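Data first, discussion second: the structure below is written as structure tokens.
Every heavy atom of this structure was used, including side-chain atoms; hydrogens, water molecules and symmetry mates were not. Just so we're clear, the structure is a prediction, and the values are computed from it rather than from any experiment.
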Amino acid sequence: MEAHGAGLRRVLVLGFCVIGIWSAYIYQGVLQETLSTKRFGPDGKRFEHLSFLNLAQNVVCLIWSCIMIKLCSSGSSGGAPWRTYWSAGITNTIGPAMGIEALKYISYPAQVLAKSSKMIPVMLMGTLVYGIRYTLPEYLCTFLVAGGVSTFALLKTSSKTISKLAHPNAPLGYGLCTMNLAFDGFTNATQDSISKRYPKTSAWDMMLGMNLWGTIYNMIYMFGWPRGSGFEALQFCWLHPEAGWDILLYCLCGAVGQNFIFLTISRFGSLANTTITTTRKFVSIVVSSLLSGNPLSTKQWMCVVMVFSGLSYQIFLKWRKLQRSQKKRKPM
């Protein structure tokens, strides 16, 4: 009975994490699309300063991590010093900014699909730089993802969707997403290096260090000179309180989502988190298509299914590899 009760609690916690991640990030995606396409106020102005979302997100997550460290920290030392995050902070500032800026030029579903192809540059760099050899199934996953994203990009976007974009420009939009993936790759590699060098570093410590440097860099970029875009963003929010409220909700969704991600990784591992976040992206595309009134064409949906089939197969391969490694560890 005790084992059954423990298993049930584990399932309930997993379901709680799924609902938390999906709810936070799907709603954040809706707000992100709203802020990039909506016209606010009687003057019908757009919120052009999308990079301000990163600064606001950094500040909220910085405050949130400080609170969680105070509440949850056991007082143990040995974590990574805050200065070790300076390089990852740069790429983590530039990368997401490019991803958000891409929404001026391509639709939200296109941006989500492009950012889902993270495995492509990882495998490419692994093959060219480190000489890593991948299996045929892994190449099949890459082919599905790359083919789906490429075909989606080549298909004609509806005129209704294009009319909602601030500055329609597909090559520039996809180029920004590609740069976003490249910077994210460096950020993830640096975070892994920090975790190995300082094993006692908690998720909250890393969240604090990353967002501290992100706040510093974004403050310099947006408020470092008299005509910085940060001043214009604050003025826009003052004249259009609805936009300011959407930005606040956007940041809170990000902070809450990070909490559920850390909980999922600590309780169920990174593979479970990857599965949840991947399915969340697919649901985000569905929700965006339904709420925006810009349904995707049949061919575009085929591309979406193609991409997420590749991602799902990749997750299955990782799960099977994990199962095999666990069996080898078991004593005879």
Here the gap from Leu35 atom CG to Arg46 atom CZ, rounded to the nearest 0.5 Å, amounts to 12.0 Å
Residues two or more places apart in sequence or in another chain: which of them pass side chain to side chain donor-acceptor pair (under 3.5 Å) with Trp64? Asn259
Of all pairs that satisfy salt bridge (Lys or Arg N to Asp or Glu O under 4.0 Å), the ones with a partner from residues 47-64, not counting sequence neighbours: Glu48-Lys104
Across all chains, not counting sequence neighbours, the ring-ring contact (aromatic ring centres under 6.0 Å, His included) partners of Phe223 are Phe231
Go through the structure and list residues passing side chain to side chain donor-acceptor pair (under 3.5 Å) with Ser312, not counting sequence neighbours. none
Which atom pairs, donor and acceptor, lie under 3.5 Å between side-chain atoms of residues 51-62 and protein residues at least two apart or in another chain?
{"residue": "Ser51", "atom": "OG", "partner": "Glu101", "partner atom": "OE2", "Å": "3.3"}
{"residue": "Gln57", "atom": "OE1", "partner": "Gln28", "partner atom": "NE2", "Å": "2.9"}
{"residue": "Gln57", "atom": "NE2", "partner": "Cys251", "partner atom": "O", "Å": "3.0"}
{"residue": "Asn58", "atom": "OD1", "partner": "Asn218", "partner atom": "ND2", "Å": "2.8"}
{"residue": "Asn58", "atom": "ND2", "partner": "Asn211", "partner atom": "OD1", "Å": "3.1"}

Pairwise side chain to side chain donor-acceptor pair (under 3.5 Å) hits with a residue in residues 165-175, at least two apart: none
Mind checking whether Val112 and Tyr108 have side chains closer than 4.5 Å, heavy atoms only? yes
Do the side chain of Gln32 and the main chain of Tyr250 share a donor and acceptor less than 3.5 angstrom apart? no
Partners of Thr34 by side chain to side chain donor-acceptor pair (under 3.5 Å), sequence neighbours excluded? none
Measure the spacing between CG of Leu208 and CD1 of Ile63 and express it to the nearest 0.5 Å. 11.5 Å
For residues 228-249, pull every pair meeting salt bridge (Lys or Arg N to Asp or Glu O under 4.0 Å), keeping only residues two or more places apart or in separate chains. Lys38-Glu242
Acceptor/donor pairs from residues 138-152 side chains to any protein atom, 3.5 angstrom cut, sequence neighbours excluded:
{"residue": "Glu138", "atom": "OE1", "partner": "Thr135", "partner atom": "N", "Å": "2.9"}
{"residue": "Glu138", "atom": "OE1", "partner": "Thr135", "partner atom": "OG1", "Å": "3.3"}
{"residue": "Thr142", "atom": "OG1", "partner": "Glu138", "partner atom": "O", "Å": "3.0"}
{"residue": "Ser150", "atom": "OG", "partner": "Ala146", "partner atom": "O", "Å": "2.7"}
{"residue": "Thr151", "atom": "OG1", "partner": "Gly147", "partner atom": "O", "Å": "2.7"}

Does anything in residues 300-328 pair up under ring-ring contact (aromatic ring centres under 6.0 Å, His included), and if so which pairs, sequence neighbours excluded? Phe282-Phe308
How would you list, by chain and number, every residue that makes a side chain to side chain contact (heavy atoms under 4.5 Å, CB included) with Val13, sequence neighbours excluded? Cys17, Arg267, Phe268
Test of understanding: with side chain to side chain contact (heavy atoms under 4.5 Å, CB included), list the residues that count as partners of Thr279, not counting sequence neighbours. Trp22
